[in-house]
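What follows is one structure encoded as structure tokens, with my remarks underneath.
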Amino acid sequence: MTDTSPLVLVDGSSYLYRAFHAMSQADLRNSSGQPTGAVRGVISMLRRLQKDYPDSPIAVVFDAKGKTFRDEMFAEYKAQRPPMPDDLRSQIQPIHDIIDAMGLPRLVVDGVEADDVIGTLAAQAGAERPVVVSTGDKDMAQLVNDHVTLVNTMTDTRMDVAGVKEKFGIPPELIIDYLALMGDKVDNIPGVAGVGEKTALALLQALGGLKDIYQRLDEVPSLSIRGAKSLAKKLEDSRDAAMLSYELATIKCDVELEVSIAELIPKAPDNDALLALFSEMEFRSWVEELQGSEAATDVESSKPATATRYEVVTDAEVFHKWVERLAAAELFAFDTETTSLNYMQARVVGVSFAVEAGEAAYVPFGHDYIDAPDQLSEEEVLGALKPLLEDADCAKVGQNLKYDANVLANHGIALRGIADDTMLQSYVLNSTASRHDMDTLALKYLGETTVHYEDIAGKGAKQLSFNQIALEQAGPYAAEDADITLRLHQCLSPQLGAEKGLNEVYRNIELPLVPVLSRIERNGALISREMLGKQSLEIAEKLKELEQQAYEIAGGEFNLASPKQLGEILFERLEIPVVKKTPKGAPSTAEEVLVELAHDYPLPKVILDYRGLAKLKSTYTDKLPQLIDERTGRVHTSYHQAVAATGRLSSSDPNLQNIPIRSAEGRRIRKAFIAAEGYKILAADYSQIELRIMAHLSRDEGLIRAFKNGEDIHRATAAEVFGVAPEDVSDEQRRNAKAINFGLIYGMSAFGLARQLHIGRNEAQQYIDLYFERYPGVLRYMDDTRALAAEKGYVETLFGRRLHLPEINARNGQRRQAAERTAINAPMQGTAADIIKNAMIAVDRYLIDENPDAKMIMQVHDELVLEVAEGQLEQVQARVVELMSAAAELAIPLEVGVGSGNNWDEAH
DNA sequence: TTCTCGCCGTAC
DNA sequence: GACGTACGGCGAGAAT
């Protein structure tokens, strides 16, 4: 604890109301119906404050029950306030309990309001130490001075003296006068009748405080204020009310308190109590966090926090000492700082390292703000590091090293020797956790609050790039990244090592995939700007026509892209019956609804066509060309390896995994994914991989037989379910069987199937019953999976990847059922993901070892896309199919379909 | 002007 | 309400 850590005073009552109203839309409740929104809001705000001011004394202040001195002063004070809603009242006790368990001092003083307690404590702190008042109440601005700042933790805004002047147009000293003139409807402070915000401000700016205004009443009529003539009389009439309002609005700063600031030190949290309270409220992520960090906090409390030694290295001798140290180390953590998040454009401007926990260095070489100190040169730093970074035997750990590998490649450095990646360690340990970024992991596993990038770089339009950040700030931030990475590694490696299956997924699949993905990303996909541009223009023409048609039918113009406006036109003006509603109760205009309405009305068809084309244009034909890299002429997606809970990759900027294929106009976009001169696009995809996995996992004889015989699986299913010979299966029967097959993979219910097939629920249930009768192994597998999930709390893929299902035993039926559906789907989707990842590693190794003129350019869940020199097409194609088929040993063959052509569409 | 949320639609 | 996993564009309303 230092003397300069600010005293933090939290206006609990103001947050209580604000959180309640902010969260009321969502109507959060736990499964026993207890409302929890305000609890969550208030507690998350306190957690943020704790993180922001870890060493500060703190008080969380609430209004006392019963009358206050203001009520004695003015009987009508706050008389207009409606009684506290029951849903809020019932949340107060839990909030108090949680605050106590968090170890935070909680204050309630009879006869006064929270504001007054806060004002008094702020006054007591005086100039001794800075005070931060956390509140959502603007009235508190009167407390602001050189030592006191206001923070609204819900909106993350701060207000100091200058901030008050900016926001209100007057200094803090005049805030009470301002409130007295204006009055306050909510608190029933009368103010001066007829004076609102504008007039109050003008008066204060022209004449000074309330007393001055009343002394200079004669000057009022000549002021250039609207209604100045009658204003003096209004003021005169309300003189008493104004004086009373002034008293009411004044925060009392001399309340007698039984505690002193020195006593406002947070205690260690009672984690057991917290766990029970969070569990009761069903705050899942906080429960998880507590459970995950138990080990960490235990360790922490038993020994003092390690002091950190972070240095900025600008001296050649010191730098080379570090390099020697890195070379001699068994393992080191490192991180690059760069100019951009775009890995193709980013330049490295500094590198940080850590060898021992708590100690780290940042070596800048590209910071170029005004008056930046002298730094070592890029050549000297990267030149000395290159041998280490490229040495496969020199073990390194990082957080999301794919990014570092990509940017180092921009400097001609090929990163090797990736011993561990903490992001992937965290992901494999618990893929259900929502984020695996370093800040989150540091808090979760180390109990450390890290410096956030936004803290030092700002945010929004005025965000600085890293090379513009002063070394005083950049150094500790960058060094901390390396230090935290190393410490995370020390924490996560043993956890992973203790789980054989998880460790294998991590070692054999995720880690080796990193350099493979890096290469695919950097290879990029060649797309034709011309073709997409032409398509955009043509679509624009068609959209214009459709728009005109829509206006004619609707009898007026409206925004076709607005579901709200469209809903009004369709269901109010045209009086078309509402088929379905959105979860929020608005009439749905979703595709399936419009398709149905299109039978009977002309407008829905036009809207459907419009939407389809507008989507293609904005998301694809307009957007993709913007993402072409200037130098390579290609688009370079980012594959995310720690996002999808099932183990799949995801892709963004651009997302290459949802390029259209189902419509002709959509396929035109695939035609724009072309091969370079002399090359062809090769696309290889697994056929029915998830159903094959289901056959393998369930060991169902019928399903296995069908796949072994190479049958058309949907036709075979139809033959079984509908009791006809395979050759007699009608198109409709096959279509229905296909829907059943997909539905099974997704854990679909009879209701879902009925909706999909537009049949009755009973009929759908009959299909499902028949299916399970014909494929009893599948039924057994599904039952077993649900049971196992409920018992263990997770499900596994064939390769041992785990997916945690915290809600599998939820009392809330809807949530539990959702978890059960995930339990059914995840082993199949996840095993498929494991398999194609294995295949990618194998194909990559083949491309490197045998060096054909070919490269992988895309992965789309069950498909690999390569760009291959024409002369080597057949050879590469054969090998890719072979390697993909051999990526897993199942009870049935893994069939791979393959095609090639001048573009992605032709390759299908 | 910028941010967040809901809705919708694309892929596998 | 009711079918799993993603990403992303747009409108609308809130915050600024």
Side-chain angles (χ1 to χ4, degrees), chain A residues 22 25-26 152 154-157 166-167 431-432 459-462 558-567 580-594 607-608 611-620 622-624 637-640 643-663 665-666 669-670 685-686 688-690 739-757 761 764 795 803 812-815 817-830 832-833 836 858-863:
Chain A
Q25 286 277 314
N152 184 332
M154 286 182 83
T155 57
D156 205 22
T157 48
E166 194 184 322
K167 182 169 167 68
S431 65
T432 324
K459 59 177 177 178
K462 55 194 172 179
F558 66 103
N559 188 340
L560 278 70
S562 161
K564 192 171 167 227
Q565 293 185 33
L566 175 61
K580 191 186 128 187
K581 293 194 170 180
T582 66
K584 287 209 111 186
S588 169
T589 64
E591 196 228 26
E592 57 168 327
V593 173
L594 298 186
I607 300 293
L608 282 170
R611 272 204 193 147
L613 289 173
K615 169 85 176 172
L616 291 182
K617 183 168 185 292
S618 63
T619 311
Y620 303 107
D622 284 353
K623 195 67 198 292
L624 284 171
T637 185
S638 289
Y639 286 107
H640 307 288
V643 171
T646 53
R648 270 191 183 180
L649 298 176
S650 75
S651 156
S652 71
D653 309 293
N655 182 352
L656 295 184
Q657 294 180 319
N658 70 349
I659 303 298
I661 191 169
R662 290 169 193 173
S663 72
E665 188 75 38
I669 295 167
R670 292 204 168 210
D685 69 322
Y686 286 110
Q688 306 295 353
I689 188 166
E690 293 188 2
I740 295 172
N741 278 330
F742 275 106
L744 284 167
I745 294 173
Y746 297 148
M748 184 164 63
S749 63
F751 181 94
L753 185 64
R755 201 176 51 138
Q756 175 83 24
L757 295 178
R761 199 176 151 165
V795 289
L803 189 141
N812 180 322
Q814 205 170 318
R815 289 178 176 217
Q817 283 164 10
E820 285 177 356
R821 288 193 293 273
T822 309
I824 298 295
N825 172 261
M828 295 184 262
Q829 192 181 117
I836 196 163
M858 287 187 273
Q859 188 258 40
V860 192
H861 307 308
D862 66 355
E863 172 183 11

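Below, chain A is the first sequence line, B the second, and so on; all start at residue 1.
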For the pair made of [atom1] in [X] and [atom2] in [N], what is the distance, rounded to whole Å?
X	N	atom1	atom2	answer
A/Y639	B/dC12	OH	C1'	13 Å
A/Q657	C/dG4	CD	P	19 Å
A/R611	B/dT10	CZ	C1'	14 Å
A/N559	B/dC7	CG	P	17 Å

Spacing of the C1' atoms in C/dA2 and B/dC5 (rounded, Å): 24 Å
Select one nucleotide: of [options], the one nearest the side-chain heavy atoms of [X].
X	options	value
A/S749	C/dG8, C/dA2, B/dC12	C/dA2
A/T646	C/dG4, C/dA12, C/dT5	C/dT5
A/T822	C/dG9, B/dC12, C/dG4	C/dG4
A/A644	C/dA12, B/dC12, C/dA6	C/dA6
A/R761	C/dA2, C/dG8, B/dC8	C/dA2
A/P660	C/dG13, C/dA2, B/dT10	B/dT10
A/S650	B/dA11, C/dA6, C/dA12	C/dA6
A/V643	C/dA6, B/dC12, C/dG1	C/dA6

Donor-acceptor pair, distance only, cut-off 3.5 Å: does the side chain of [X] make one with the backbone of [Y]?
X	Y	value
A/Y639	A/Q859	yes
A/T646	A/G830	no
A/R670	A/P660	yes
A/E690	A/M828	no
A/T637	A/P654	yes

For [X], answer base if it contacts any base atom (sugar-phosphate contacts may also be present), sugar-phosphate if it contacts only those atoms, and nothing otherwise; contact means non-hydrogen atoms under 4.0 Å.
X	value
A/E863	nothing
A/A818	nothing
A/I745	nothing
A/L616	nothing
A/Q829	base
A/R670	sugar-phosphate

Check the phosphate of [N] against [X], side-chain N and O only, distance under 4.0 Å to OP1 or OP2. Yes or no?
X	N	answer
A/T589	B/dC8	yes
A/N658	C/dC7	no
A/R662	B/dA11	yes
A/K615	C/dG8	no
A/K623	C/dG9	yes
A/R821	C/dT5	no

Once rounded to the nearest 0.5 Å, what's the spacing between atom CG of A/L656 and atom OG of A/S650? 11.5 Å
